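Basis for what follows: all heavy atoms, side chains included, without hydrogens, waters or symmetry-related copies. What you see is a predicted model; the values in this text were computed from it and never measured.
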Amino acid sequence: IASCLISSVMSIGPYIASFRPGTLCALGGNSGNMFYDMWVGRELNPRIGNLDLKFMLELRPGLIGWSLINWAYVCRAAQDGTWTPAIILVAIFESLYILDGLLIEAGVLTMMDIVTDGFGFMLCFG
């Protein structure tokens, strides 16, 4: 419930702020349907001061959370005695991918969701 509330607040604020004059809007989030636009995201790069919300929220919590979930599955499989080399290799390779993304953040700036997608509930929640 808490994640739904936080994601709602984090997507409603930029949605309302996107109606300021001069705001750069994403093409997909400018449909005129309020619910769809808030889901997909209307504003392309919402900021609080110098902090780019989309860049910060997409990279750090999402990727780090992904790695933590992978390793939690590995630990659970080891605890249950059902682990296989495949689950460990997947966790290792995905962790290397995540580490690369965290160390070389400039590459993230070329991803489709940073360049073209808006900042909405879908990005905040998932």
Please check this pair: side chain of [X] against backbone of [Y], looking for a donor-acceptor N/O pair closer than 3.5 Å.
X: Asn30; Y: Cys25; value: no
X: Ser7; Y: Cys4; value: no
X: Asn33; Y: Phe35; value: yes
X: Asp37; Y: Arg42; value: no

Can you get from [X] to [Y] by hopping between Ile, Leu, Val, Met, Phe, Trp and Tyr side chains that sit under 4.5 Å apart?
X: Trp39; Y: Phe19; answer: no
X: Tyr73; Y: Phe93; answer: yes
X: Leu5; Y: Phe121; answer: no

Decide yes or no for [X] and [Y]: does some side-chain heavy atom of the first lie under 4.5 Å from some side-chain heavy atom of the second?
X: Leu57; Y: Met10; result: yes
X: Ile64; Y: Leu102; result: yes
X: Asp80; Y: Arg76; result: yes
X: Leu123; Y: Asp117; result: no
X: Leu44; Y: Lys54; result: yes
X: Leu96; Y: Ile92; result: yes

What's the shortest heavy-atom distance between [X] and [Y], and which atoms?
X: Ile88; Y: Trp83; answer: CD1-CE3, 3.3 Å
X: Tyr15; Y: Met34; answer: OH-CG, 3.3 Å
X: Gly118; Y: Ala26; answer: N-CB, 3.5 Å
X: Ala77; Y: Ile87; answer: CB-CD1, 4.2 Å
X: Pro14; Y: Pro46; answer: CB-CB, 4.0 Å

Residues Tyr97, Trp66; criterion side-chain contact (heavy atoms from CB on, under 4.5 Å); working and verdict:
CA-CA 11 Å; Tyr97 173 79; Trp66 177 19; 3.7 Å; yes
What I want to check is whether the side chains of Trp71 and Ser95 have a donor and an acceptor closer together than 3.5 Å.
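Looking only at side-chain atoms, Ser95 and Trp71 do form a donor-acceptor pair, the distance falling under 3.5 Å.
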Can we say Glu43 and Arg20 salt-bridge, meaning some charged N sits less than 4.0 Å from an Asp/Glu carboxylate O?
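Salt bridge: yes.
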Drop me the distance from [X]'s [atom1] to [Y]'s [atom2], to the nearest 0.5 angstrom.
X: Ile6; Y: Ser11; atom1: CD1; atom2: OG; answer: 12.0 Å
X: Asn50; Y: Ile48; atom1: CG; atom2: CD1; answer: 11.5 Å
X: Leu63; Y: Ile98; atom1: CG; atom2: CD1; answer: 5.5 Å
X: Asn45; Y: Thr23; atom1: CG; atom2: OG1; answer: 11.0 Å

Taking the six-membered ring of Phe119, is NZ or CZ of Arg47 closer than 6.0 Å to its centre and within 45° of its axis?
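Pair Arg47/Phe119 does not count as cation-pi.
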For atom CG of Leu27, is the number of surrounding heavy atoms from other residues, nucleotides or ligands below 6.0 Å larger than 12?
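No.
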